[in-house]
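Notes follow the structure.
Chain letters run A, B, ... following the sequence lines, proteins first and then strands; every chain starts at 1.
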Amino acid sequence: MSESAIRTRIAPSPTGDPHVGTAYVALFNYCFARKHGGQFILRIEDTDTARSSRQSEEAILSSLRWLGLAWDEGPEVGGPCGPYRQSERAELYRRTAGQLLEAGHAFRCFCKPDRLARMREEQKAAGKRPGYDGQCLSLSDSEVQSRLGHSEPFVIRMKVPREGTCVIQDLLRGNIEIAWDTVDMQVLLKADAMPTYHLANVVDDHAMGITHILRGEEWINSAPKHKLLYEYLGWSMPVLCHLPLLRNPDKSKLSKRKNPTSLLFYKRMGYLPEALLNYLGLMAWSMPNGEEKFSLNAMVQEFSLERISLGGPVFDLRKLDWLNGRWIREDLDDDQFAERVRQWALNERWALNERFLKQWGPLVRSRIAVLSDLGPLLAPFFSGIISITPELLLDGKLDRNAVSTGLALALDRIENVEWNKDEIEKMLRDVAAEMGAKLRDALRPFYVAITGSAVSVPLFDAMEILGRDLCRARLRHAREVLKH
RNA sequence: GGCGCUAUCGUCUAGGGGUUAGGACGUGAGAUUCUCAAUCUCAAAACCCGGGUUCGAUUCCCGGUAGCGCUACCA
């Protein structure tokens, strides 16, 4: 097989919010395909008609696009192996199931769900492995025909060897041995004539020429079913590579109960797609040179499956924040930053004035981890008079008298200052000197008066942008507050 | 319960038969700064346990333990 023949896929199921785990697996499939000049395919696995929704599908597609994981073939993009939505390929699965039936590799099962549920419970209670008991395996042809004649609902199950061992070859884990008697006679075609994952997945991976399956570790135990289907159908099996699962801080599989898992969340919080992708690339994978900040293209360049470590990585929001901050600081200039914020805000349904962004952007850029941190940082500058307390004003080293004096001095001089940050700084330095206070001590109440907090963007810049009128009003307000 | 996978600082990881086991996040201390960030310096912090193989194992093998996953007409 030539290297350019490599084809990988991501096959999300549109049954909920776009999951960060989907992006994670997509990233590795994308990098592997791109690295080897192959194709990366997106296929929608919507065979669960009850849970799948078009809305979910759209959210998944747009989220993956937002991240920059472009696929070569897929719904809306098209390609030679379409359609790429399993619900539109149902006929193919039915035909394949029919083939398996004819070849004696599968059988019709008329068992009612409640009997199966009871059976499983009894098996569990008896300490046995739950699994289909093979009741319909021995149905005679005439029995089957008669039940079909009565339109009894049925499913199609695959036959599975009762003894021996299946050896699964995993690219990273080597040979995995799984005894056949631990493999259930899996339903392939459901009563609604839709396929289960196992059938549809195998049929499509074959039909779409997938050469390498990189998927979550959770699939290891069902790999024998897939291998068996490939054998039954006389198809060659793609290379398997099971990726470690992303974990919650308590090490359980990443779940929304314990960790934000929706890509929509990360978008709304103001994580940059580059940063999120970069962080996912840090999960179980590392650059040969140890660099932690890298672009998608750089990851593609250096990608190799051998650099995947197998311990399940804990998804750590704090490190993501750090990385996102670095991307904001190091990879965007002031204009780009303003534009990103504008776009992000638009997505949140509020429009930010360009001039506003150009003014405040440089002051806040190094002070945020995610774009939504802008809210609290800039809120005081959306206001006229801000609410402050005497406690806040007197929180520093200066006493009430000194603070009052300082405010009065500034209020006095503010009128004669040329209104730019350098002159404002000079003026306040003079005030501090006159008070005999250190600059930092003298400035503290001014931070509170002007920005509402002792923790804020730089004071002189803020004053320049706010303008003389607002600053005067806020200083006066602070003086009033101190009197009470 | 059965089966499977995995195991290096709290977290992400590098490494690999002989290393002071490296880096990063976070934490603590300091420097710098108009506050806060950012930046810089320093510090504490790890090879799960027990057997083998070996002159020597954290590294290779086996067992244990632990964590996780799977055990549906969901994927």
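The side chain of K251(A) has U11(B) as its nearest neighbour among U13(B), U11(B), C5(B). Closest approach to the V455(A) side chain among C74(B), C73(B), C36(B) is made by C36(B) (side chain taken as heavy atoms from C-beta onward). Among C68(B), U11(B), C73(B), the nucleotide with an atom closest to any side-chain atom of D316(A) is U11(B). Ranking U13(B), C34(B), U11(B) by closeness to the Y447(A) side chain, first place goes to C34(B). Here the side chain of D48(A) is nearest to one of A75(B), U13(B), G4(B), namely A75(B). Among the nucleotides A75(B), A14(B), C70(B), the one closest to any side-chain atom of N221(A) is C70(B). Proximity note for I176(A) (side chain, C-beta onward) versus U13(B), G4(B), A75(B): the nearest is G4(B). With U71(B), A75(B), U33(B) as the choices, the nucleotide that has an atom nearest any side-chain atom of H198(A) turns out to be A75(B). Closest to the side chain of R51(A), out of C3(B), C73(B), C74(B), is C74(B). Nearest to the side chain of R367(A), among A37(B), U39(B), C34(B), sits A37(B).
D461(A) comes within 4.0 angstrom of a nucleotide base, judged by non-hydrogen atoms across all strands. Within the 4.0 angstrom heavy-atom criterion, only backbone atoms of the sugar-phosphate kind lie near R329(A); the bases stay farther away. Using a 4.0 Å heavy-atom cutoff across all strands shown, V457(A) reaches at least one base atom of the nucleic acid. M283(A) comes within 4.0 angstrom of the backbone, heavy atoms only, and of no base. Contact annotation for G290(A): no contact, since no heavy-atom pair falls under 4.0 Å across all strands. Across all strands, R440(A) comes closer than 4.0 Å to base atoms (heavy-atom distances). Residue contacts shown for T47(A) are limited to sugar-phosphate atoms, with no base heavy atom under 4.0 Å away. Residue R120(A) is classed as a sugar-phosphate contact, given heavy-atom separations below 4.0 Å to backbone atoms only. At a threshold of 4.0 angstrom between heavy atoms, the contacts of C111(A) include nucleobase atoms, whether or not backbone atoms are also involved. Contact annotation for V155(A): base contact, defined as any heavy-atom pair under 4.0 Å involving a base atom. Nucleic acid contact for E45(A): sugar-phosphate only, since backbone atoms but no base atoms lie under 4.0 Å from a heavy atom of the residue.
The phosphate of G15(B) has OP1 or OP2 within less than 4.0 Å of a side-chain N or O from R307(A). One finds a side-chain N or O of K253(A) lying less than 4.0 angstrom from the OP1 or OP2 phosphate oxygen of C70(B). When the side-chain nitrogen and oxygen atoms of R429(A) are compared with OP1 and OP2 of C34(B), one or more of them lie within a distance under 4.0 Å. Residue S286(A) places at least one side-chain N or O under 4.0 Å from the OP1 or OP2 atom of A14(B). In this model, the phosphate group of C25(B) is not approached by any side-chain N or O of R318(A) to a distance below 4.0 Å at OP1 or OP2. Distances shorter than 4.0 Å separate some side-chain N or O of K190(A) from OP1 or OP2 on C74(B). Side-chain nitrogen and oxygen atoms of R247(A) include none within less than 4.0 Å of the OP1 or OP2 phosphate oxygen of C5(B).
Between F28(A) and F303(A), the ring planes lie perpendicular to each other; the angle is over 60°, past the 30° to 60° tilted range.
Look at the P atom in both G10(B) and C47(B): the space between them is 8 Å, to the nearest Å. Comparing C42(B) with C36(B), their C1' atoms sit 23 Å apart, to the nearest whole Å. G69(B) and C74(B) have their C1' atoms separated by 16 Å, with the value rounded to a whole Å.
Across all strands shown, C55(B) pairs with G18(B); the Watson-Crick or G-U wobble distances both stay below 3.5 Å. Pair assignment for C40(B): G30(B), on the basis of Watson-Crick or G-U wobble contacts that are both within less than 3.5 Å. In this structure, C25(B) and G10(B) make a Watson-Crick or G-U wobble pair, each of the two defining distances being under 3.5 angstrom. Taking a pair to require two hydrogen-bonding distances under 3.5 Å in either a Watson-Crick or a G-U wobble arrangement, G1(B) pairs with U71(B). Pairing partner, C47(B): none, since no Watson-Crick or wobble contact has both distances short of 3.5 Å.
Put simply, the side chain of R474(A) never gets that close to the backbone of A449(A): no donor and acceptor are under 3.5 Å apart. Looking only at distances, a side-chain donor or acceptor of R400(A) sits under 3.5 Å from a matching main-chain atom of L482(A).
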- Task: Evaluate side chain to side chain donor-acceptor pair (under 3.5 Å) for Y197(A) paired with D48(A), printing each intermediate quantity in order.
- Result: CA-CA 9 Å; Y197(A) 167 86; D48(A) 184 344; over 6 Å; no

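Geometric assessment of R147(A) against the ring of F154(A) yields a negative cation-pi assignment under the 6.0 Å and 45° thresholds.
No more than 12 heavy-atom neighbours from other residues, nucleotides or ligands sit within 6.0 angstrom of CD on E163(A).
One atom, CG of L277(A), and another, P of C12(B), lie 20 Å apart when rounded to the nearest Å.
Checking each of T47(A), D46(A), T49(A) against S87(A) for a side-chain hydrogen bond (donor to acceptor under 3.5 Å, both in side chains) leaves exactly one that passes, namely D46(A).
Between the side chains of D204(A) and Y84(A), no donor-acceptor pair is found at a separation under 3.5 Å.
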